[in-house]
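Working notes, structure below.
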Number of protein chains: 2
Amino acid sequence: MSNSRNTIARTEILNLIREAGEALSHADLQASLGDLCNRVTIYRVLDRLLEERLIHKIADVDGNITYAACHDCSSRHLHNHIHFRCEACQSVTCLNRVEPEFKLPRQYVVHSMNFTVSGLCPKCSGKR
Amino acid sequence: MSNSRNTIARTEILNLIREAGEALSHADLQASLGDLCNRVTIYRVLDRLLEERLIHKIADVDGNITYAACHDCSSRHLHNHIHFRCEACQSVTCLNRVEPEFKLPRQYVVHSMNFTVSGLCPKCSGKR
DNA sequence: TTTATTAATGCAACTTAGTTGCAATTAATT
DNA sequence: AATTAATTGCAACTAAGTTGCATTAATAAA
Ligand SMILES: [Mn+2]
Ligand SMILES: [Mn+2]
Ligand SMILES: [Zn+2]
Ligand SMILES: [Zn+2]
């Protein structure tokens with residue numbers, strides 16, 4: 001892992017992800033950033049932030065990727081909380097409190113987890 | 001949902017998925033099928049089988065999609081078991097017995113789930 | 001069995017997402 | 001200020017998935 005530099009793109013992308021109430025996609029970021037940087041740069045900054053464990057990656061059941069801020073990942077970078085994707089408003093949110101319980105057979109070595117539940121979020125289930 | 005027809009492509013793809021010990025990707029299927037049908041047909045057959053609830057879709061944390069056979073989905077098509085993706089041999093398997101326990105705040109309406117854990121499978125964790 | 005209906009397919013073209021190589025830029029160190 | 005190497009922009013590229021449309025073929029009706 002080489003020395004990470006504090007560039008405008010990196011700072012801005014990290015801020016956007018940290019301040020967003022929900023997980024952001026590459027497209028979301030590109031829309032917010034306008035021409036602050038090239039789209040390739042966004043991919044590369046995201047990769048860097050992932051390596052640095054400042055953000056984590058979320059895939060919904062259709063393979064759509066979003067990114068959310070990490071909170072206490074310096075010690076263990078195990079994102080064992082549930083992500084909720086709303087089929088109405090398309091938002092993806094971290095439910096940091098909801099950590100599923102389960103037991104794998106011995107011999108399985110766990111490195112990472114991706115739990116995503118889809119349906120209607122509180123906002124959208126109310127409207128009906 | 002229109003009437004589904006028993007075509008060669010459909011039959012063969014469903015057999016492949018049912019008989020595979022692990023979840024298969026579009027690329028896996030295309031490799032096995034050779035020129036039995038066009039790659040677009042594979043996409044369309046997969047969509048049909050999903051609609052008919054004969055297979056389910058799995059996305060790992062990187063968004064890679066695979067498909068596995070359903071077992072008792074006529075009543076409830078809720079795939080709340082864990083999928084394990086091995087980072088060594090790349091296999092994706094359904095752990096049909098492992099159903100995580102968790103409790104979402106009220107107001108969340110759940111339609112589907114995608115639980116994927118990555119690491120080393122029993123075969124590959126033994127080798128080290 | 002023959003005919004009619006329409007689901008399913010193949011093909012080409014297209015869109016979307018992500019990757020790579022390389023020269024130019026710039027943050028951080030000395 | 002000069003040095004170093006991380007970062008960026010750009011263009012070209014690969015990979016994955018979608019769409020329109022003419023053709024084929026599974027199924028049902030006659
Ligand atoms: Mn999260
Ligand atoms: Mn499964
Ligand atoms: Zn919503
Ligand atoms: Zn393995």
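Labels below follow one simple rule: chain letters A, B, ... track the order of the sequence lines, proteins then strands, and each chain is numbered from 1.
Residue pairs meeting the salt bridge (Lys or Arg N to Asp or Glu O under 4.0 Å) criterion with at least one member in residues 108-120 of chain A, sequence neighbours excluded, do not occur.
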Going through the checks in order, is the side chain to side chain contact (heavy atoms under 4.5 Å, CB included) test met by A:C94 and A:H71? CA-CA 11 Å; A:C94 292; A:H71 291 296; over 6 Å; no
Chi angles and distances behind the side chain to side chain donor-acceptor pair (under 3.5 Å) call for A:T66, A:R85: CA-CA 10 Å; A:T66 50; A:R85 181 189 149 91; over 6 Å; no
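Atom pair A:R10:CZ and C:dT25:P shows a separation of 24 Å (rounding to whole Å applied). With rounding to whole Å, A:I8 atom CD1 is found 15 Å from C:dT25 atom P. Rounded to whole angstrom, the span from the CG atom of A:L29 across to the P atom of C:dA17 amounts to 13 Å. If you take CG of B:N64 and P of C:dA17, they are 16 Å apart, rounded to a whole angstrom. Spacing between atom CG of A:N6 and atom P of D:dT8 amounts to 11 Å, rounded to whole angstrom units. Following rounding to the nearest Å, A:Q30 (CD) and D:dT8 (P) show an atom-to-atom distance of 15 Å. Taking atom CG of B:D62 as the reference point, atom C1' of C:dT19 lies 14 Å away to the nearest angstrom. Atom CG of A:D28 and atom P of C:dT16 are 15 Å apart (whole Å).
The residue B:A9 sits close only to the backbone: its heavy atoms come under 4.0 Å of sugar-phosphate atoms, none of a base.
Note on A:T7: a side-chain N or O is less than 4.0 Å away from OP1 or OP2 of D:dT8. At least one side-chain nitrogen or oxygen of A:S4 sits closer than 4.0 Å to the OP1 or OP2 atom of D:dT7.
Scanning residues 32-49 of chain B for heavy-atom distances under 4.0 Å to DNA chain D yields B:R39, B:V40, B:Y43, B:R44.
In this structure, the side chains of A:L95 and B:Y108 come closer than 4.5 Å at one or more pairs of heavy atoms.
Remark: B:S25 pairs with B:D28 by the side-chain hydrogen bond (donor to acceptor under 3.5 Å, both in side chains) rule, at least two apart or across chains. Partners of A:A59 under the side-chain contact (heavy atoms from CB on, under 4.5 Å) rule, at least two apart in sequence or in another chain, are A:I65, A:N114. With sequence neighbours left out, the side-chain hydrogen bond (donor to acceptor under 3.5 Å, both in side chains) criterion links B:D47 to no other residue.
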What does the list of N/O pairs under 3.5 Å between the protein and nucleotides 3-5 of chain D look like, with a distance for each?
residue	atom	partner	partner atom	Å
D:dA5	N3	A:R5	NH1	3.4
D:dA5	N3	A:R5	NH2	3.2

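Taking the six-membered ring where the residue is Trp, B:H26 and B:Y43 present parallel rings, their angle staying beneath 30° rather than reaching 60°. Between B:H56 and B:H81, the ring-plane angle classifies as perpendicular under the 30° and 60° cut-offs.
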